[in-house]
Protein chains: 2
Amino acid sequence: MEKTRAVTARTSSESTRDIPEATVARLPVYLRALTTLADQGTGTCSSEELAVAAGVNSAKLRKDLSYLGSYGTRGVGYDVDYLRYQIAREIGVTQDWPVVIVGIGNLGQALANYSGFRSRGFRVVALLDADPARHDEVVAGIDVRPFDDLEQIVRDHDVAIGVIATPAVAAQDVADRMVACGITSILNFAPSVLAVPEQVDVRKVDLSIELQILAYHEQRKTQHAADPVEGASA
Amino acid sequence: MEKTRAVTARTSSESTRDIPEATVARLPVYLRALTTLADQGTGTCSSEELAVAAGVNSAKLRKDLSYLGSYGTRGVGYDVDYLRYQIAREIGVTQDWPVVIVGIGNLGQALANYSGFRSRGFRVVALLDADPARHDEVVAGIDVRPFDDLEQIVRDHDVAIGVIATPAVAAQDVADRMVACGITSILNFAPSVLAVPEQVDVRKVDLSIELQILAYHEQRKTQHAADPVEGASA
DNA sequence: TCCGTTTTGTTCTCCCGTTCACAAACTCCT
DNA sequence: AGGAGTTTGTGAACGGGAGAACAAAACGGA
């Protein structure tokens, strides 16, 4: 229902309307590819070049970009810097997003140290852990603080995005607390299904699931290799 | 073309034929949910219960399971242990998969220490790093070894799955070496697009991309909240 | 044994995403 | 200025997945 709302009417402030989810998921990939091209000194690129750099089909790339607007020039291609800015603006990474990370185990530390966040518009404003033994530590130049400080930190820094890197058993509690203090986007690394209100976005990253998917295909490959040619048994 | 091969003919050893990719990606989720249920002492569950535990629609769950075979009992539900075994077998995690991890930075260490691998049919047989300064270290009870040992380790342990946790610039080289010594499945944490031969599977996990997707939706939320009601400007 | 209840397995329809193919538009060269 | 060559933006066809809805099958009680 909500989906067809206002497709004909147009308000002033909208270049952005109704970008498909699949496209949104690829925009960061394009952004990265464009950054690489820019670093190489490329000023202009065709959809084909960018598609190769991003690892996708050029038709798909063009259609994706068309949802943002007409930022290319026919017969020429795309201006790398210009397109990069437009995509960054569309995603929202021209501004700085404050982020809190909860759970400073191995993964939490890796995340805290990950330079890819800072360079892409995210700033880790706090590391939280429930274990008092960790509250003395400094990870990635940031003090580890008690989990109970969450409310205050979220308020002080106007945090909207939280990262959960705790064990599975703690994840739901952490999510509840995050939601309670106004966080509306959660990146969950814990292997558990989170129950959150409708308006809260949750994305899940599960390291072992990815490996299991690979294992499935790997198993099929070796199976097939061992098989005689299909139908030879008849 | 290849896809429609032998859909009518049936060889002896196949319960498994043509499982949709979307389903494959969910099987590990079901597996985890079943393990949780089993730990709680649940012996039997309905598709509805399991669907809730896995965070999916029950119709979708039933359809997914139907690709594996008929492992439920109408009017009763699914036997938790039996279904769990069947899914594990289908994915291929009843056997043990030897895995090598290349790149022992923060992320590599987190991966090496991640208990979720071992408990799910994966065994880290080697940690490799190009930096000689790291070759004395022991991470997660495993010696860090020179990257050049890759060939020998892959041969000795019959490794089919490799994990790349290096910086982006090194990723393609590592992938090439992996492919050269017979690895056919790669899990790539480096933020770069890998070029590999057709028969090699690559899955990519990009931490910052997930955050950017959240940022996009977050931006829209706040934007909409600031907007007057659609059409009120006219 | 038979009927009502429960729950699976499957069919059917709809929608989203991908890809093809082409018209529109821009540049360059003559 | 005009035509040839390029490359974008998009309409249309196609394929696959999601969800609703139902028929088939198992159980339990009388």
Item to complete: Calculate the interatomic distance between Leu68(B) atom CG and dT8(C) atom P; express it in whole Å.
Response: 15 Å
Worksheet item: When all nucleic acid strands are considered with a 4.0 Å heavy-atom cut-off, which category describes Glu21(A): base, sugar-phosphate, or nothing?
Response: sugar-phosphate
Worksheet entry | Rounded distance in Å - NZ (Lys60(B)) to C1' (dA21(D)) | 17 Å
Discussion item. Counting only side-chain nitrogens and oxygens, does Arg26(B) get under 4.0 Å of the OP1 or OP2 atom of dA18(D)?
Written reply: yes
Worksheet entry | Donor-acceptor pair (no angle test) under 3.5 Å: Lys63(B) side chain, dT10(C) base | no
Fill in: Interatomic distance where CG belongs to Asp64(A) and C1' belongs to dT19(C) [whole Å]
12 Å
Worksheet item: At under 4.0 Å, does any side-chain N or O of Tyr78(A) touch on OP1 or OP2 of dG9(D)?
Response: yes
Worksheet item: Would you say the side-chain atoms of Thr94(B) and Arg89(B) include a donor-acceptor pair closer than 3.5 Å?
Response: no
Worksheet item: To the nearest angstrom, how far is Leu61(B) atom CG from dT7(C) atom P?
Response: 14 Å
Discussion item. Between Ser208(B) and Asp206(B), do the side chains contain a donor N or O and an acceptor N or O under 3.5 Å apart?
Written reply: yes
Item to complete: Could you verify whether a donor N or O on one side chain and an acceptor N or O on the other, from Gln199(A) and Thr184(A), lie under 3.5 Å apart?
Response: no
Discussion item. Go nucleotide by nucleotide along DNA chain C from the 5' end; which of Val76(A) and Arg74(B) gets its closest nucleotide reached first?
Written reply: Arg74(B)
Fill in: Listed nucleotide nearest any side-chain atom of Ala59(A), set dG9(C), dT8(D), dC20(C)
dC20(C)
Worksheet entry | Among dA18(D), dG17(C), dA26(D), the one nearest Ala22(B) by side-chain distance | dA18(D)
Discussion item. Quick check on dT8(C): is either OP1 or OP2 less than 4.0 Å from any side-chain nitrogen or oxygen of Ser47(B)?
Written reply: yes
Item to complete: Would you check if the side chain of Glu49(A) reaches a backbone N or O of Ser46(A) as a donor-acceptor pair within less than 3.5 Å?
Response: yes
Worksheet item: dT8(C) P sits how many Å from Asp79(B) CG, rounded?
Response: 13 Å
Worksheet entry | Side chains of Thr23(A) and Asp64(A), donor plus acceptor under 3.5 Å | yes
Practice prompt. Please report, rounded to the nearest Å, how far the P atom of dT8(D) is from the CD atom of Glu48(A).
Written response: 9 Å
Practice prompt. Round to the nearest Å and state the distance from Arg62(B) atom CZ to dA23(D) atom P.
Written response: 15 Å
Worksheet item: Between dC20(C) atom C1' and Asn57(A) atom CG, what is the distance in whole Å?
Response: 9 Å
